[in-house]
Amino acid sequence: MPRYGTKQREDYKTFKNVFDLFTEKNLDRLMSQGYIEGLESPLSIGKEANVFTARAGDETRVVKIYRLQTCDFNKMFDYIRADPRYVGLKPIQREIIFAWAHREFRNLLKAREAGVRVPTPYAMLKNILVIEFIGDDMAAQKAKNDPPKEPKKFIDEVIRQMKLLYKAGMVHGDLSGFNILNHNDMPVFIDMSQSTTLDNPNAKGYLERDVRNVCKLAEKWGVRYTEKQVLKKVTASRRS
Ligand SMILES: Nc1ncnc2c1ncn2[C@@H]1O[C@H](COP(=O)(O)OP(=O)(O)O)[C@@H](O)[C@H]1O
Ligand SMILES: [Mg+2]
C-alpha cells in the first residue's frame, strides 16, 4: 500500500499553480486511498485536461485532471447531452466536467472489457482520472509522431480494435494519430471522453470521422485503404 507522506505532498505542490483547492483536496483523497503517491511530471496540457505521470509503489500511473475553470462547457455539454447514458444532465459547469470524466472512465472500462487495448482505468474522483501508464522507461508516443516499423500491420490492428469497440456497441469518436499511442509497434487507444454508444444519434458521424482520420494516418505511411473498405471491416458483423 503506497504511503501518504509529506514528501509526496510536497511533490505535487510544485504543480500547485494549475490546481484549485477542490482538485487539491481530491488529489489528497486519491493519495490517501493509495491510488497514487504523488504527481511526478507533466505529460501534456491539453484543451480541457492536464495529464501527469504519478508514482504508485513500483508502478508509474497517469493522472488526467479536467480543469474546472478553462473548459469549453458549452461544447462539452452539446457533445455529452446527445449520449443516451447522460440524458437529463443539467447545464451546470461542474456537473458537466464530472460527467465528462465519468464518461471517459466508464468508456475505458467498457473498452477494456471488450478486449480493446486501452489504459486500464484505476480510479475516478470528480474531475480526476487515474489510469494505466502506457510506455516503458518513456511514455509511448502519439502514433502521428512515431510511425510504426510495419505500418500496414499497425493500421490493420487499429481497424481490428475499432471493430472490437463497435461490436461492444461503441465508437471512439475522437480517433486519430493524436489519440492512438504507438507502444512497441502496437496501437493503444486513449482519450475516450468523447466515446459514445451506438444509439447516440451522432455515433454514425463519429464513426465516419474516425474512419476518415485512420485512412489519413494510413495514407501518410503509404498504406492505402479507402474509407469504404475500412468502414466495411469495422462494421462487418453488426449493422447499425
Ligand atoms: N495512459 C497514458 N500513457 C501515456 N501517455 C499518455 C496516457 N494518457 C495520455 N497520455 C499523453 O497525454 C496526452 C494527452 O492525453 P489525452 O487523454 O489525449 O488528453 P487531451 O484530451 O488533452 O487530448 C496524450 O497525447 C499522450 O501523449
Ligand atoms: Mg488527446
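Counting convention: from 1, in listed order, for ligands and their atoms alike. Because only heavy atoms are used, hydrogens play no part in the values below, and waters and symmetry mates are left out as well, while side chains stay in.
Among the atoms of Asp174, none of the N, O or S atoms falls under 2.8 Å from the Mg ion (ligand 2). The Mg ion (ligand 2) lies at 2.8 Å or more from every N, O or S atom belonging to Ser44.
Of the charged side-chain nitrogens involved, at least one lies within less than 4.0 Å of a carboxylate oxygen, so that Arg160 and Glu157 count as a salt-bridged pair. Salt bridge status for Glu40 with Arg55: present, with a side-chain N to carboxylate O gap under 4.0 Å.
Distance from atom 8 (N) of ligand 1 to its nearest protein heavy atom, with residue and atom name: Val62 CG1, 4.0 Å. When only non-hydrogen protein atoms are considered, atom 26 (C) of ligand 1 lies nearest to Ile190 CD1, 3.9 Å. Nearest to atom 23 (O) of ligand 1 among the protein's heavy atoms is Asp191 OD2, 2.9 Å. Shortest contact from atom 19 (O) of ligand 1 to any protein heavy atom: Lys64 NZ, 3.3 Å. At the shortest separation from atom 4 (C) of ligand 1 among protein heavy atoms lies Ile134 O, 3.4 Å. Looking only at heavy atoms of the protein, atom 14 (C) of ligand 1 is closest to Ser44 OG, 3.3 Å. The shortest contact between atom 15 (O) of ligand 1 and any protein heavy atom is with Val51 CG2, 3.7 Å.
Shown in contact with Pro119 at under 4.0 Å from a heavy atom are these atoms of ligand 1, numbered in order with element: 1 (N). Applying the 4.0 Å criterion to heavy atoms of Gly46 picks out, from ligand 1, the atoms 22 (O). For ligand 1 and Leu43, the ligand atoms under 4.0 Å from any heavy atom of the residue are 5 (N), 6 (C). Listed by atom number, the atoms of ligand 1 under 4.0 Å from Asn179 heavy atoms are 18 (O). The ligand atoms of ligand 1 that sit less than 4.0 angstrom from a heavy atom of Ile131 are 1 (N).
In this structure, Val214 is a member of the same hydrophobic cluster as Leu231, with clusters built from ILVMFWY side-chain heavy atoms closer than 4.5 Å.
Taking the six-membered ring for Trp and the full ring otherwise, the centers of Phe19 and Phe52 sit less than 6.0 Å from each other. Checked against the 6.0 Å centroid threshold, Phe98 and Phe22 count as a close aromatic pair.
A donor-acceptor contact shorter than 3.5 Å links the side chain of Asn107 to the backbone of Arg103. A donor-acceptor distance shorter than 3.5 angstrom exists from the side chain of Gln161 to the backbone of Arg117, with no hydrogens or angles considered. In this structure a side-chain-to-backbone donor-acceptor pair under 3.5 Å is present from Arg67 to Gly46.
Taking a 6.0 Å sphere around CZ of Phe178, one finds it holds 12 or fewer heavy atoms contributed by other residues, nucleotides or ligands. Remark: Glu150 CD is loosely packed, at most 12 non-hydrogen atoms of other residues, nucleotides or ligands lying under 6.0 Å away. Within 6.0 Å of CZ on Arg85 lie more than 12 heavy atoms contributed by other residues, nucleotides or ligands.
Here Lys142 has side-chain heavy atoms under 4.0 Å from ligand 1, and that is the only part of it that gets that close.
Counting just the N/O/S atoms of Asp191, the one with the shortest distance to the Mg ion (ligand 2) is named OD2.
Distances from ligand 1 to the non-hydrogen atoms of Glu132 include at least one value under 4.0 Å.
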